[in-house]
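Naming convention: chains lettered A, B, ... in sequence-line order (proteins, then strands); numbering from 1 in each chain.
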Protein chains: 2
Amino acid sequence: MATIKDIAKAAGVSVTTVSRALNGYSDVSERTRKKIKQIADDLSYSPNALARSLVMNKTKTIGLLVSGISREGAKDNIVFEVLTGVNEYCGQVEYDIVLFNTSSSQQKKKTYTQLCRERRVDGVVIQGIKNDDPYLIEVIESDIPCVLVDIPIQGDTVGYVATDNVAGAKEAVQHLVDLGHKQIGMINGHDRAFVSQERIQGYIEGLERNHLIYNKSLVYNGGFSEKQAEAAAVSLLENYPDTTAIFCASDLMAFGVMRGAKRLGKEVPKDLSIVGYDNINLSSYVTPSLTTISQDMYQIGYSAASLLIELLEGGDPKRSKIVSHELVIRESTGERNQPF
Amino acid sequence: MATIKDIAKAAGVSVTTVSRALNGYSDVSERTRKKIKQIADDLSYSPNALARSLVMNKTKTIGLLVSGISREGAKDNIVFEVLTGVNEYCGQVEYDIVLFNTSSSQQKKKTYTQLCRERRVDGVVIQGIKNDDPYLIEVIESDIPCVLVDIPIQGDTVGYVATDNVAGAKEAVQHLVDLGHKQIGMINGHDRAFVSQERIQGYIEGLERNHLIYNKSLVYNGGFSEKQAEAAAVSLLENYPDTTAIFCASDLMAFGVMRGAKRLGKEVPKDLSIVGYDNINLSSYVTPSLTTISQDMYQIGYSAASLLIELLEGGDPKRSKIVSHELVIRESTGERNQPF
DNA sequence: AAGAAAATCCGAAACGTTTAGGAATTTCTT
DNA sequence: AAGAAATTCCTAAACGTTTCGGATTTTCTT
């Protein structure tokens, strides 16, 4: 493997000159630069990023910390979509991405900060982290630049990108209200997710705006799990049979609710309208296809990366970005059946 | 950021001793080791992986080269699943993963080898690469250890992991034959994919084993695209209306075929049986759910990583791994309607 | 108690870059 | 043609580790 020294020797110049020639500095004559470049090509030289990073104290690498990279998490491709977005932006600005596997590092008792420090990433985007995750505190206290996905925290070195979950949830219930529904239940995720907190708030606001009373017992937690949501939906519908619509904090849970409805002999959307959240791939393929709040996870990833790089390269002092969402109406919602 | 020097100074020993203490060498007394560890903790020291890698000439990092990390590629989560598998294994053996974005590097004219050399990955797993991809030749010629997914090439530094695609395809058509189908069409991917070559071979063998004649004009290429497959299916069914079953080289294309069938007023599986390949998430959710050849992409990723690491650490000289597949029968296939 | 053996430690080089500061050479000015 | 200015190049240190070879200290042997 050719190094800068080899080139220097072959060209009869110092390593300094080689370095400066290859990096486009102005204090090297065109003639020698040509020669050096030629030799570098001949030796098929590629710079050692390690050595460079070591002295420059900058790796042009960002970490991607996701807790959802597990076999189960592969169902919705949310994680993958933001990864794709991050990857796309990083490709444009020539940053590399290193994947941190929190799961294993956790058992190895390596903290978030240690991970980042060891690998010398310039910054990190964090996704799928829970409210009570010990990592979260570390993030905020550490001085490693990072941007969070879906957790609205900002600071000197931390930014975030998210969607307006309360608005989204509000639109979802508004849609249901517009269809004539009066008793709307909700299957939420769990308390340790910021999005859940926001989505229920939106749910409540949506009801109140339409002068519907908010009944706490109509909302269940489904833990973002299909199975759990199915059980929750069954309970909900058995205890409150007048419920004609359910708003779910995720599409996956909406599928669970669908299954639960089927179990109870309820037809969607005739007897029960369902709206989900996320608009994952499955949602348009399933029958009936799912009405949902669509969020562009690719865009979120892309924005997260761009925000982080800005943070790193000291651009403008923006610290957060809200990406838009959209209600997409499909077959799982319909007019309320008037029970005459 | 504390370095080994800081620790040495604080402990009153040399950097050598600190290094050897921290790395568990035997030639340092327990007393000083304790002290050094204590100080390291106090200073919240974490080793600089860059410096270490530089001198050790080993990064404990593998590259992941996939061409499918794009917005469109997010539909099937195949890429993501192997990534998950790779990640899982790497987590266990404490390797990190860096994502290479081929797309951008291509336009930047950086070759595969350059990418790997620069970033100093110890090895690389490659996925979603096409037959005629210039990268492929590079891979084989370069001395960088790598394992290919779904491309059966092996050499001194290159291994692969795949499934037995010809057997899989054979089982698929056998299933259709068993259901009474006599005229079975196929929608293949494209010629630049090894899996396509194998799957059509399996298709042919499957037919011949049952003394059905192989009719070349019954197989169309769908380019692994849903849309394209839909068009192909329509052509196929219009030109050869006696076709009662279609075997598709991917689930995504099978969905296209479903849509095409619907366009022609054909009911699945009554008028047309369809079997796909891959068993992606969608397949079990769609109606009718899709009969398909299931391959465990997670396992493939996991195996690929483990094979690579073995290659790196000089374990046994295995160079390839075949992971098992399985026919999963769902609703999209049924007995042939005898046209009396 | 003296020499041998074992245990513990250290100095310095090496990995492949970048860069500050200055030296050598060329070109410009008058 | 001599000094100034600009151009081109180089020396050496630095980044944070690991490791070879040897030096020092302690413990064991008799």
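Contact between the side-chain N/O atoms of Thr32(A) and the OP1/OP2 oxygens of dC9(D) is found at a separation under 4.0 Å.
Note on the helix from dA1(C)-dT30(D) to dT30(C)-dA1(D): angle between the axes of the first and last five pairs equals 40°, rounded to 10 degrees.
Using cut-offs of 30° and 60° for the angle between ring planes, the Phe80(A) and Phe80(B) rings count as tilted.
When only modelled atom types and interatomic distance are considered, Gln92(B) and Tyr302(B) share a side-chain donor-acceptor pair under 3.5 Å. A donor-acceptor contact under 3.5 angstrom links the side chains of Thr163(A) and Gln295(A), judged on distance only.
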What one-letter contact string describes nucleotides 12-19 of chain C from 5' to 3', where B marks a base within less than 4.0 Å of any protein heavy atom, S marks contact via sugar-phosphate atoms alone, and - marks no contact? B--BBBBB
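With rounding to whole Å, Lys58(A) atom NZ is found 19 Å from dA14(D) atom C1'.
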Might you work through the side-chain hydrogen bond (donor to acceptor under 3.5 Å, both in side chains) test for Arg117(A) and Ser44(B), ending with a clear yes or no? CA-CA 11 Å; Arg117(A) 279 207 214 290; Ser44(B) 68; 5.3 Å; no
Report the C-alpha separation of Ser306(B) and Glu310(B) in whole Å, then their side-chain angles, then the decisive distance to 0.1 Å, and conclude whether the side-chain hydrogen bond (donor to acceptor under 3.5 Å, both in side chains) test is met. CA-CA 6 Å; Ser306(B) 91; Glu310(B) 270 174 15; 5.0 Å; no
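Comparing Ser14(B) and Asp27(A) along DNA chain C, the residue whose closest nucleotide (by nearest heavy atom) sits nearer the 5' end is Ser14(B).
Residue Arg33(A) comes nearest to Gly24(A) through the heavy atom pair NH1-CA, 3.3 Å, listed as atom of the first residue, atom of the second, then distance. Between Ile62(B) and Val121(B), the shortest heavy-atom contact is C-CG1, 4.0 Å.
For Lys60(B) and Asp96(B), the salt-bridge test fails: no basic side-chain N is under 4.0 Å from an acidic carboxylate O.
If you check every strand for non-hydrogen atoms under 4.0 Å, Ser53(A) touches nothing.
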